[in-house]
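A short write-up of the structure that comes next.
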Protein chains: 2
Amino acid sequence: MAGMTFEMNASTTPVIILVRPQMGENIGHVARAMANFGLRELRLVAPRDGWPNPAAEAPSAGATWVLDEAKVYATAEEAVADLSALYATTARNREMIKPIVTPRHAAGNMRGQVAEGRRVGILFGAEATGLTNDELVLAETLVTVPAAPDFTSINIGQAVLLMAYEWFQAGDATPAVVLPAGGNKPARQEELEGLFQHMETELTLSGFFRPPEKAPHMRRNVRSLFQRMDLLDQDVRTLRGIVKSLALYGRSAGKKRDQE
Amino acid sequence: MAGMTFEMNASTTPVIILVRPQMGENIGHVARAMANFGLRELRLVAPRDGWPNPAAEAPSAGATWVLDEAKVYATAEEAVADLSALYATTARNREMIKPIVTPRHAAGNMRGQVAEGRRVGILFGAEATGLTNDELVLAETLVTVPAAPDFTSINIGQAVLLMAYEWFQAGDATPAVVLPAGGNKPARQEELEGLFQHMETELTLSGFFRPPEKAPHMRRNVRSLFQRMDLLDQDVRTLRGIVKSLALYGRSAGKKRDQE
C-alpha cells in the first residue's frame, strides 16, 4: 500500500523464536508469513526433526532467506539471551501474574520498543504443548489472540502470521507508553538471568524457599515478579547490590562494615 | 448489490466463498480459521477435487461443522446471488474503478452492514490464479492485505485467516491489556511505604548506603525502582520476605535455619 513504511533490517524488526517446533511444513509457513510482513530473523529451539529440514521449503513459497538464515539453539534461554523485550504467545489462561495483551496492543508496544533501540523477540510454543511455565517466565508480556470461545486453538503458522501482520500494520503507530531511560539501557536477558541466579543462590542459602515442595513455585514467582518490571541495566546492578549487601552483611554487620 | 431484498433468516456473520479452490488441505485450513473467529458459512465454487474432500479434514483441526455445512456452486454468480454486500480479495493492483480497502477497514464496514441486516460475503480466488475480472466485478469493494512489497503473495488459508481475524477483532470487547492478579490487589501506598522503610532500615544496618554523601541519592533510586514496578499486595509481602530472609539469616545461616 502506498505510504506504508516497512523495514527489512533485522535489527529493527522482531525476532521470531519457535520453541520445539515439530512439523517442518509449519516452519515453512512461518517463514512465508514472516517474509509477507517484513520479518527476517528466525530462531529455532530444539526443532524435533533437526535443521535444515527439506519439508520447510515448499510451504515457505520462496522465502528462502528466512530459512537459510535461521539459527538453532538448545534452549529458549540461550535463544533469547541477547534480547531486551520479550513476548510469549499462549492460548491458555495461565496462573501467572504477567500482563496479557492482544496482538494489536503488543504490536504497538513493539514498535515503541524498537524505536527505543530495544531488541524484541516473540516466543511461540510447540504445536501440541505450547510453552512451559519456565519458558513463559522468560517473557515480560503474554500475548493471547482473542478468538471464538469454543474454538481457540490456533496453530503455530497462524499465530506467527497474526503477530507479523499486526507488527506490519502498526508501522506508523505512535507508542502509547515510553520509559525515559536516561543514559541507561534495558537489561538484557543474560543480565536478568544473572540477577535471578544471584538472588536464588542467596535466598536458598538463607532458607527462603521453604517448604521444599513449594520451592519451584516460589522460584517462578520471584522470577516472574522481577521479569515483568522492565528493568534497566542500572536497575539490575542496584538490585544485585541490595541482595549482596543483605546476604553478606545482614542486619547486624553494618556497623562492622562501616569500620572496614 | 444495493437494492436486493434481505433474507428473513439473514445470518449475522460473513459468508466465505472460495472460487475454484485446489488443495483440499487449504479448504481445511480455511475451515479452521473460520471456526477460530466465529464464522460458519462456507461456499465452494467448482472445487477442483470435488466435495466432500477427505484431505480437508485433518487441517480443519476439528472444525467439522464448517466442512459438513459447506455448499457447492457451479459459478461465483450463483454462490453470491442471495448476498447484499460483497467483498473480493486481491493481491494484484487491478485496473478497475472500485474502492480498494484494508482488511481492517473492510471488517469495520462489514460490522456496520450486518447491523443493517445485510448479508455479507467475501470472495477468495484460486491459489494460483486468483479471481477473474468477471468475478471481481461482482463485488463492490476490493480488499488487499498490506504486505512487504517484495513478498506480497498470501495463500488462501492466510487470506481467510486475516479477514476472519479482523472481523472478530472489530466486534470484540477483549481489553488490550489484562493483568491477571489472582486474588491479589494493587499495593496501597502505605504498603509500599512499609516496604521502603523496611528495606531502608535493613540496608542501612547492612551498610548499603555508602558513602554517606551519596546516601540520599541512593535512597531515592531504590524507592524509584520499586515504585514503578506496579506491585501487587502479594508482591510487597514477597519482597519483604526476601529482605527479611537475607537480612536476618544471610548467606551462611540457611542451614542453621533449616534445623530450627
Side-chain angles (χ1 to χ4, degrees), chain A residues 1 4 6 8 32-33 35-38 61-63 93 95-102 104-105 145-148 151-155 158 161-162 165 168-169 199 202-208 210 221-222 225 229 235 238-239 241-243 245-254 257-258, chain B residues 32-33 35-38 61-63 102 104 144-149 151-155 158 161-162 165 168-169 172 174 176-182 184 199 202-208 210 221-222 225 229 232 235 238-239 241-243 245-254 257-258:
Chain A
M1 302 293 277
M4 288 291 304
F6 50 86
M8 287 301 290
R32 179 181 190 164
N36 282 142
F37 298 113
N93 225 335
E95 290 179 13
M96 209 171 272
I97 303 179
K98 285 181 188 291
I100 302 176
V101 305
T102 61
R104 191 161 301 168
H105 183 86
V145 179
F151 203 78
T152 57
S153 161
I154 288 175
N155 86 5
Q158 294 174 314
L161 176 69
L162 293 175
Y165 168 79
F168 192 90
Q169 305 310 309
M199 197 175 301
E202 297 296 359
L203 285 173
T204 301
L205 288 169
S206 77
F208 177 76
R210 299 186 314 169
N221 275 354
V222 171
L225 163 59
M229 286 175 179
D235 298 331
T238 301
L239 287 167
I242 289 174
V243 171
S245 180
L246 292 172
L248 281 182
Y249 297 97
R251 167 170 283 184
S252 55
R257 187 182 175 187
D258 278 335
Chain B
R32 178 180 190 165
N36 282 143
F37 298 112
T102 62
R104 193 162 300 170
T144 297
V145 179
F151 203 79
T152 57
S153 161
I154 289 173
N155 84 5
Q158 294 174 313
L161 176 68
L162 293 175
Y165 168 78
F168 190 89
Q169 306 308 308
D172 183 50
T174 303
V177 185
V178 175
L179 180 64
N184 302 307
M199 200 176 301
E202 298 295 359
L203 285 172
T204 301
L205 288 169
S206 77
F208 178 77
R210 298 186 312 169
N221 275 356
V222 171
L225 164 59
M229 285 176 178
L232 302 173
D235 297 333
T238 301
L239 287 166
I242 288 173
V243 171
S245 180
L246 292 172
L248 282 181
Y249 298 96
R251 168 170 283 186
S252 55
R257 188 182 176 188
D258 279 335

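It should be emphasised that the depicted structure is a prediction, and the values quoted were computed from it without experimental measurement. Only heavy atoms go into these numbers, but all of them, side chains included; no hydrogens, no water, no symmetry mates.
- Put simply, CG on B:Leu162 and CD on A:Gln169 are 8.5 Å apart, with the number rounded to the nearest 0.5 Å.
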>> Before you tell me yes or no, could you show the steps for A:Asn221 and B:Thr238 under side chain to side chain contact (heavy atoms under 4.5 Å, CB included), namely the whole-Å CA-CA distance, both residues' side-chain angles and the distance that decides it to 0.1 Å?
In response: CA-CA 9 Å; A:Asn221 275 354; B:Thr238 301; 5.9 Å; no
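- Using a 4.5 Å cut-off between heavy atoms, B:Asn36 touches chain A through backbone and side chain atoms alike.
- A distance of 12.0 Å separates CD1 of B:Ile242 from CD of A:Glu202, quoted to the nearest 0.5 Å.
- Options A:Met229, A:Arg104, A:Lys98 differ in how many heavy-atom pairs under 4.5 Å they form with chain B, and the most are formed by A:Arg104.
- For A:Val145, the part lying near chain B is the side chain, with the backbone staying farther off; criterion is any non-hydrogen pair under 4.5 Å.
- Nearest heavy atom pair, residue B:Ala148 against residue A:Gly38, reads CB-N, 3.8 Å.
- If you measure heavy-atom distances from A:Asn155 to chain B, the contacts under 4.5 Å come from both the backbone and the side chain.
- The two residues B:Gly207 and A:Ser245 come nearest to each other via the heavy atoms C-OG, 4.4 Å.
- The contact between B:Asn184 and chain A is made entirely by side chain atoms (from C-beta outward), counting heavy-atom distances below 4.5 Å.
- Looking at B:Ser153, the atoms closer than 4.5 Å to chain A (heavy atoms on both sides) sit in the backbone and in the side chain alike.
- Interface check for chain B: of the options A:Gly62, A:Pro99, A:Gly241, A:Pro146, the most heavy-atom pairs under 4.5 Å are formed by A:Pro146.
- Heavy-atom pairs under 4.5 Å with chain B were tallied for A:Leu161, A:Leu225, A:Thr152; the largest tally goes to A:Leu161.
- B:Phe151 approaches A:Ala35 most closely through the heavy-atom pair CD2-CB, 3.3 Å.
- Proximity to chain A involves both the backbone and the side chain of B:Ile154, based on heavy atoms less than 4.5 angstrom apart.
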